[in-house]
Every structure is written in structure tokens, then in C-alpha cells.
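All chains are named by letter (A, B, ...) in the order of the sequence lines, taking the proteins before the strands, and each is independently numbered beginning at 1. Fair warning: this is a prediction, and the values are worked out from it, not measured in the lab. Because only heavy atoms are used, hydrogens play no part in the values below, and waters and symmetry mates are left out as well, while side chains stay in.
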There are 4 protein chains.
Amino acid sequence: MARPRSAEKQRAILSAAVRTVASQGLGAATAVIAKEAGVSNGSLFTYFGSKADLLNRLYVELKTEMAAAALDGLPAEGDLRERLCHLWVRWLRWATTCPEKRRTLAQLDVSDEITPASRQTARQMMAGIARLLEQSRSNGPLREAPLEFVVALMSALADITIDFMLRDPVHADQHRQAGFEALWRMVA
Amino acid sequence: MARPRSAEKQRAILSAAVRTVASQGLGAATAVIAKEAGVSNGSLFTYFGSKADLLNRLYVELKTEMAAAALDGLPAEGDLRERLCHLWVRWLRWATTCPEKRRTLAQLDVSDEITPASRQTARQMMAGIARLLEQSRSNGPLREAPLEFVVALMSALADITIDFMLRDPVHADQHRQAGFEALWRMVA
Amino acid sequence: MARPRSAEKQRAILSAAVRTVASQGLGAATAVIAKEAGVSNGSLFTYFGSKADLLNRLYVELKTEMAAAALDGLPAEGDLRERLCHLWVRWLRWATTCPEKRRTLAQLDVSDEITPASRQTARQMMAGIARLLEQSRSNGPLREAPLEFVVALMSALADITIDFMLRDPVHADQHRQAGFEALWRMVA
Amino acid sequence: MARPRSAEKQRAILSAAVRTVASQGLGAATAVIAKEAGVSNGSLFTYFGSKADLLNRLYVELKTEMAAAALDGLPAEGDLRERLCHLWVRWLRWATTCPEKRRTLAQLDVSDEITPASRQTARQMMAGIARLLEQSRSNGPLREAPLEFVVALMSALADITIDFMLRDPVHADQHRQAGFEALWRMVA
DNA sequence: CATGAATGAGAATTCATTCAT
DNA sequence: GATGAATGAATTCTCATTCAT
């Protein structure tokens with residue numbers, strides 16, 4: 001029950017930030033984000049201590065949402081390949097469904113405003129994904145590599161695949177499959 | 001007549017830009033870059049019409065240098081795997097040797113200041129790499145995918161591998177090998 | 001809520017602009033105007049979107065004030081010559097009373113920062129003057145000329161007369177009378 | 001015979017300045033003027049010590065040319081009205097023939113870069129005009145006003161008339177006549 | 001003497017953040 | 001708490017002028 005109005009505004013700001021950053025880049029002015037959120041520019045700073053703070057929270061939020069989307073409905077058991085494919089499909093579906101979120105996330109990922117702590121938190125959100133990957137690669141050629149390395153690989157692969165899906169929607173399905181084949185061959 | 005435009009100064013500015021962007025990001029002030037280059041504020045703009053122009057030229061320059069480094073000494077004939085490996089080794093050596101260039105290039109790659117024309121030019125610089133990749137994948141699972149897709153994959157894989165090599169220099173060799181294995185399995 | 005935009009501050013800026021432009025010309029820096037107004041650099045831009053905007057508003061403001069001063073207390077009826085003379089006297093009195101405003105207005109008048117819209121608005125402010133002039137010239141030699149032509153003539157004549165009044169204050173009265181005679185002979 | 005090359009370049013610069021100032025205002029960069037003149041920006045400063053110097057010389061030059069054009073072919077004797085009309089026609093013809101010169105002159109006239117000395121010189125160039133005006137007004141209503149006042153009046157009247165002639169070329173003749181009637185009534 | 005690169009003092013504007021209302 | 005005006009440092013770019021070639 002603690003400040004329900006606040007939670008709403010906070011969400012509005014984050015959501016406005018997604019849209020604004022997607023279209024204007026990380027240089028987007030806080031005042032613009034605030035206006036897009038229907039909130040005064042001063043208010044933005046009562047919800048987020050600074051622009052960097054907003055960006056960090058947005059980063060964690062988006063990573064979390066992405067991971068949740070990818071893991072949604074993942075069967076606890078069953079064939080590894082199938083489970084990984086399930087994850088792959090969900091991941092890409094989320095990204096292609098909200099291209100603005102994805103675009104913003106891509107910008108945040110390379111920003112030096114994002115603190116190590118935020119990156120760490122984000123990694124934890126991806127733990128479920130990492131776990132499945134851990135199993136998948138356990139007998140594969142990357143079984144000795146750091147797990148993080150494999151996660152990073154999968155993320156990059158997903159990113160590129162999404163790029164091509166968005167750029168060439170007619171062959172989206174083929175791109176998704178090609179991406180998955182590449183992934184599977186790499187890890188398993 | 002008159003003092004000729006000095007190639008030296010131009011290089012100094014580009015090189016200063018590499019260092020400054022690597023440490024301060026793309027938001028680095030042109031004045032800072034100029035000072036770092038030992039050149040006046042205004043001179044930067046006689047060599048580069050605008051900050052965006054500087055960034056674009058830097059982008060093309062770095063991509064070109066990277067591609068040249070990767071292709072340097074590549075045997076024209078011989079075993080495909082070996083040739084690709086040769087390329088891989090050179091590429092990563094370049095990146096680990098000049099981490100600042102690589103860091104700057106990473107920032108430029110995601111910047112929206114970089115024009116399509118610059119990206120196009122950069123792609124042409126990578127043509128040699130693409131060609132080798134084309135041969136390598138010709139019987140592999142990605143033989144039907146757009147070549148660009150495969151190039152992007154390799155780039156991302158290289159990037160991640162470099163990250164780990166820099167982060168964990170003790171196991172640099174292992175990371176490089178793991179990266180190559182992943183690459184080879186993906187394409188061949 | 002929040003501090004309301006202060007009409008006072010806006011006036012202070014406009015008034016500072018009058019003084020600064022009068023003494024330094026239209027090239028006067030916005031920073032100087034702001035300081036003269038006792039306002040921060042940035043505040044000037046919350047009241048006026050750009051320097052050109054400030055200049056345009058100043059232009060309209062001064063023209064309006066000038067016209068109002070000229071028309072102030074103008075008898076609605078009576079001898080035309082007397083009424084025109086009344087106008088003439090008020091006009092010149094205003095100009096000689098605030099030479100800085102007049103000087104600034106003269107600069108603005110020839111500036112190409114002033115938009116057609118502003119000039120149009122200014123013209124409307126002068127409508128009262130134009131109307132009286134229309135009556136005055138109705139049987140005179142300029143009865144066929146565009147009214148605007150006659151208005152421009154009167155403005156120029158006023159300007160020159162003011163110049164001489166300011167330059168040679170001892171004979172200010174004579175200059176004013178000579179100017180009026182010239183005007184009357186021209187139009188009536 | 002003294003530096004014939006120089007005289008040519010000097011003329012080229014002055015002429016380029018006319019065109020450039022006409023289109024870009026007094027803020028036109030010296031480098032632009034130099035380029036328009038087909039001369040290096042450094043050279044401009046060997047012919048004119050500073051931008052202000054260039055502007056002042058241009059001012060005097062244009063005023064001189066204008067006066068010469070107005071006085072060209074003026075009959076030494078004859079009816080005053082006719083002679084003044086002759087002058088009027090030539091003056092306006094010059095101005096409508098070279099609108100750029102006129103436009104530039106108008107800008108210079110209100111600039112505070114123009115020194116009193118230049119204005120004085122310009123006045124002397126107008127002496128022939130002033131003399132005719134002196135005769136014309138000798139029995140008229142302005143016979144007691146300072147001659148300068150009458151000259152200023154005529155100049156302003158000419159300016160306005162030219163404006164209307166350029167703006168509305170179809171009725172150029174009528175405007176010219178109306179202007180002259182106004183002038184004659186004012187002075188004679 | 002011509003050239004045009006070099007210089008660096010501004011110029012207008014922007015923007016994160018603070019604070020009066 | 002919400003608002004949006006206030007702030008002023010920081011930014012990119014311009015330009016008259018100088019000076020090395």
C-alpha cells in the first residue's frame with residue numbers, strides 16, 4: 001500500500017524512458033522523458049536520484065523482463081535441445097514484439113553509465129538461462145569455457161538474429177532457425 | 001603555398017580521439033580531444049568538419065585497420081580451417097594489442113552518429129574477411145544464411161572472446177582457442 | 001504550482017535588451033543581456049526560445065509602445081491638421097524621451113532576423129496612425145499612392161526629424177516644426 | 001601603374017562584398033567574401049586592414065557611385081524642377097538596376113562599424129546633390145532647415161520609393177512619380 | 001606578395017539538477 | 001509531494017586575424 005500513486009508514476013517514467021531512448025539515444029534529455037511520461041521534470045528526480053540512476057534501473061528492469069519472457073513456460077524437464085529451443089523462441093519473440101525495449105537495452109548495454117552492480121544484478125536475472133545453457137553445453141565443446149562466456153555468446157547470437165528478423169521480416173522464421181542451429185552447434 | 005594541411009596533425013587528432021573516447025565515451029568534448037592532440041580548438045574543425053565527421057572517419061579508419069590486421073599475411077591458398085584460424089589469431093592479436101582502439105570501435109559501432117555510408121565503407125573493408133568466411137561456410141550449416149549474418153556472428157564472437165582475453169589474461173590462449181572452436185563449429 | 005513565470009523578469013530581459021542593443025548593436029551577446037537583466041544565462045531562454053525570438057518580441061513591443069505613445073490622447077474628432085500634429089508631437093516626444101528604445105528599434109527595423117509575421121503585427125499596431133494619415137491624404141497629392149507608402153514616408157520623416165532633435169537639442173522645437181511642415185505639405 | 005594586379009583584386013573583393021553582404025548581411029564571414037572574390041582569405045587582409053576597414057571603404061565606394069549615377073548628365077542650367085527630376089530619375093534607375101548594391105548600402109548605412117569619417121566622406125560625395133537641393137528649397141518651406149536635414153529627407157524618400165518600385169515593378173513608374181511629387185512639394 | 005592553416009576568444013544553446021512555491 | 005522556473009557549467013562550432021610556407 002506504500003505510495004501506490006508513486007509506483008504508477010515510476011512505471012510511467014521507465015516506460016517513457018524506453019520510448020525516448022529508443023528514438024533519441026541515451027542523450028535524450030530528462031525533461032523530454034518526463035514530459036513523455038506526463039510528469040514534471042522535477043518529479044523525475046524524486047523517483048530517480050539522477051539520470052544515471054534512472055538508466056541503471058531501466059537496464060535492470062529490461063534485462064529482468066527479457067529473462068522472464070525467455071523463461072516463461074519453460075518445461076522443467078525434457079529434452080535439452082527442445083527446452084533450449086523453447087527458450088530461444090520466447091526470447092526472440094519478446095525482442096521482436098517490443099523492438100523499442102530491445103533497442104534501448106542495446107544502448108544501455110554499451111553505456112558506461114551502467115554500474116558493475118547493475119550488470120551483476122542483471123546477470124543474476126539471467127541465471128535461469130545460464131542454468132539451461134550449463135546443462136546444454138555440459139558435453140559440448142565449450143564445456144571447459146567459463147559459463148559467462150557461453151552466456152555472452154548466446155546473447156550476442158540472439159541479438160544478431162533479432163537484427164536480421166527485424167530487418168527482413170519475411171524470412172524471420174528462417175533466421176530464427178538458423179540462429180538456433182548455430183547456437184546448438186556451438187554449445188552442444 | 002601556405003602551410004599544407006598536415007597529415008601528421010590529422011593523425012594526431014584521430015589518435016587523440018581514440019584515447020579520449022576510450023576513456024570518456026562518445027560524449028567526450030571536442031575541446032578535450034583537441035587538447036589531447038596538442039592542437040587548437042579550432043584546428044580540429046579544419047581537419048574534420050564536425051564532431052560527427054570526426055567520428056565517422058575514425059570509425060572507418062579503425063575498421064579498416066582492424067580488417068587489415070586480420071588479413072595481414074593471410075596465405076592465399078591452403079587449408080580453410082588453418083586460414084580462418086590465422087585470421088582469427090591476427091584479429092584477436094590486434095584487438096588485445098590496442099584495447100583502446102577496440103573499445104572506441106565498440107562505442108562507434110552502436111552510435112547513431114555513424115552514417116549508413118560509413119557502415120557501408122566499413123563493410124567493404126571487411127570484404128576479405130567475408131570472402132574467407134564464405135568459403136568456410138559453403139558446406140556448413142549456415143550455407144543458406146545471408147553472408148552478412150555470418151560475418152556479424154563472427155564479429156560478435158570475436159568481440160566476446162577479446163573481452164574475456166582482456167579480462168582474464170592468464171587464460172587468454174584458452175579463450176582464443178575456445179572462441180575459434182565455437183566459430184568453426186558454427187560455420188563449417 | 002511551482003514558481004510562476006515572472007512577468008517582471010520578462011520585462012527585465014526586454015528592457016536589458018533595449019539598453020544592450022542600443023549600445024552594442026544587434027550583435028550583443030545573449031549572456032550580456034542576461035547579466036544586464038540580473039538573470040542567468042539559461043533563464044533568458046526560458047522566457048525567449050532563441051535570440052531571434054527575443055529580438056522579434058522586442059520589435060513588436062517597441063513598435064506597439066511607440067504607436068500607443070503617438071496615439072495617446074488623440075482627439076477623436078476635430079481639425080485634421082491639428083490631430084496629425086498632435087500625433088506628430090507625441091511620437092517625437094516618445095522617441096526623444098527614450099532614445100535607447102528608438103535606437104534599438106532602428107536596428108531591429110533593418111535586421112533580417114525580424115520575421116514577416118512580426119512586421120505584420122507591428123503594422124497592425126500602427127493601424128491607428130495609418131487611419132489618420134489616410135484621412136489626411138485623402139484630398140492631397142498622394143491620394144492614389146498605396147497607404148503603406150505614405151506610412152513609410154511618415155516614419156522616415158519622423159526618424160530623420162528625431163535624429164536632428166537629438167543631435168541639436170537647442171533647436172529641437174524648430175526641427176519638430178519643420179518636420180511637421182514637410183509632412184503636411186507632402187500629404188495634404 | 002602602381003600595382004595593377006592589386007587594383008583588380010581590390011575591386012574583386014569589393015564587388016564580392018557587395019554580393020555577399022546583400023545576401024547574408026553584415027555578418028558575412030570575410031572568408032566567404034574572399035572566396036567569392038576568388039582570392040585567399042589571407043589576401044583580403046593585405047588589401048583591407050580589417051573587416052571594418054573593408055566595410056568602410058565599401059560604404060564610401062557605393063555612396064560615391066550612387067551620387068555619380070544620380071548626377072550623371074545633369075544639365076548645368078535650366079529649370080530647377082526639371083533638373084531635380086532628372087537627378088531623381090537617375091538615382092532611382094541606379095538603385096533599381098543594382099539592387100544588391102542598394103541593399104548592401106542600406107545595411108552599411110545603419111551599421112555602427114561605419115566611422116564618422118566615412119560618413120563625412122560620403123556626404124562630400126553627395127555635395128552635388130546637396131547643391132541642387134539647396135537651390136530647389138531656397139524659396140520653399142524648408143529654406144530655414146539645415147541643408148543636411150533636407151538631404152536626409154530626400155535620401156529617405158528615395159529609399160522608400162525604391163522599395164516600392166522593387167516590390168511592385170508593374171507600377172514602378174507611378175511610384176517614381178509619386179515619390180518625386182512628394183519630394184517637390186516638400187522642398188519647393 | 002599569395003596562400004590557407006592555425007589560433008582561441010567568443011557565440012548561442014542545452015541540460016541535469018536544485019529549490020521556491 | 002508535485003511543479004516547473006532557475007541556474008550556470010559545458011558543448012559544438014564560427015570567425016577575424018595572424019603567420020609559416
Q: Looking at D:Ser40, does any N or O in its side chain come under 4.0 Å of the phosphate oxygens OP1/OP2 on E:dG4?
A: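 The answer is no; no side-chain N or O of D:Ser40 sits under 4.0 Å from OP1 or OP2.
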Q: Is B:Ala52 touching bases, backbone alone, or none of the nucleic acid, heavy atoms closer than 4.0 Å?
A: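 Counting heavy atoms under 4.0 Å across all strands, no contact is made by B:Ala52.
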Q: Calculate the interatomic distance between D:Ile13 atom CD1 and F:dT17 atom P; express it in whole Å.
A: 14 Å
Q: Please state whether the phosphate of F:dA16, meaning OP1 or OP2, lies under 4.0 angstrom from any side-chain nitrogen or oxygen of D:Thr30.
A: yes
Q: Please determine, for the side chain of C:Ala29, which listed nucleotide (E:dA11, E:dA2, F:dT17) has the closest atom?
A: E:dA11
Q: Rounded to the nearest Å, what distance is computed from the CD atom of residue D:Glu8 to the C1' atom of nucleotide E:dC1?
A: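 The distance from CD of D:Glu8 to C1' of E:dC1 comes to 15 Å, rounded to the nearest Å.
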Q: Examine E:dC1: is either OP1 or OP2 under 4.0 Å from a nitrogen or oxygen in the side chain of D:Lys9? Give yes or no.
A: no
Q: Decide yes or no for A:Gln107 and B:Val110: does some side-chain heavy atom of the first lie under 4.5 Å from some side-chain heavy atom of the second?
A: no
Q: Using atom CZ of C:Arg5 as one end and atom C1' of F:dT7 as the other, report the distance to the nearest whole Å.
A: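 For the pair C:Arg5 CZ and F:dT7 C1', the rounded distance is 15 Å.
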Q: Please compare C:Tyr47 and B:Ser50 by the position of their nearest nucleotide in DNA chain F and report the one closer to 5'.
A: C:Tyr47
Q: If each of B:Lys51 and D:Ala31 is mapped to the nucleotide of DNA chain F with the nearest heavy atom, which maps nearer the 5' terminus, i.e. the 5' end?
A: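 Result of the comparison: B:Lys51.
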Q: What pattern of brackets, bars and dots sums up DNA chain E from 5' to 3', given Watson-Crick or G-U wobble pairs under 3.5 Å, [ ] for crossing pairs and | for another strand?
A: .||||||||||||||||||||
Q: Would you kindly give the CG-to-P distance between B:Leu44 and F:dT12, to the nearest whole Å?
A: 10 Å
Q: I need the CD-P distance between D:Gln24 and F:dA16, as an integer number of Å.
A: 11 Å
Q: If you look at every strand shown and take non-hydrogen atoms under 4.0 Å, does A:Ala28 touch a base, only sugar-phosphate, or nothing?
A: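 Sugar-phosphate, backbone atoms only, no base.
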Q: Evaluate salt bridge (Lys or Arg N to Asp or Glu O under 4.0 Å) for B:Glu61 paired with B:Arg11, printing each intermediate quantity in order.
A: CA-CA 10 Å; B:Glu61 168 110 350; B:Arg11 295 219 56 75; 2.9 Å; yes
Q: Compute whether any side-chain donor of one residue and acceptor of the other, for D:Ser118 and D:Thr115, lie under 3.5 angstrom apart.
A: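 Yes - a donor-acceptor pair under 3.5 Å links their side chains.
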Q: Round to the nearest Å and state the distance from A:Leu55 atom CG to E:dT17 atom P.
A: 11 Å
Q: Mind checking the CD-OG spacing from D:Glu100 to D:Ser23? Nearest 0.5 Å is all I need.
A: 7.5 Å
Q: Let's see if you can work this out: which of F:dT12, F:dT17, F:dT3 has an atom nearest to the side-chain heavy atoms of D:Asn41?
A: F:dT17
Q: Is the distance from OP1 or OP2 of E:dA5 to the nearest side-chain N or O of B:Thr46 less than 4.0 Å?
A: no
Q: In whole angstroms, how far is the P atom of E:dT17 from the CG atom of A:Leu54?
A: 10 Å
Q: Look at all strands and tell whether C:Ser6 reaches a base, only sugar-phosphate, or nothing, counting heavy atoms closer than 4.0 Å.
A: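 Here C:Ser6 touches no strand at all.
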Q: Counting heavy atoms not belonging to A:Gln120, are there more than 12 under 6.0 Å from its CD?
A: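 More than 12 heavy atoms, drawn from other residues, nucleotides or ligands, come within 6.0 Å of this atom.
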Q: For D:Ile33 and F:dC15, what is the distance between atoms CD1 and P respectively, to the nearest whole Å?
A: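 Taking atom P of F:dC15 as the reference, CD1 of D:Ile33 is at 11 Å.
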Q: Compute whether any side-chain donor of one residue and acceptor of the other, for A:Arg19 and A:Ser15, lie under 3.5 angstrom apart.
A: yes
Q: To the nearest 0.5 Å, tell me how far C:Leu108 CG sits from C:Ile114 CD1.
A: 5.0 Å
Q: Under a 4.0 Å threshold between the charged nitrogen and the carboxylate oxygen, would B:Asp163 count as salt-bridged to B:Arg102?
A: yes
Q: Select one nucleotide: of F:dT18, E:dA6, F:dC13, the one nearest the side-chain heavy atoms of D:Phe45.
A: F:dT18
Q: Using the side-chain heavy atoms of D:Ser43, tell me which of these nucleotides is nearest: F:dA16, F:dT7, E:dA2.
A: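 Of all the options, the side chain of D:Ser43 is nearest to E:dA2.
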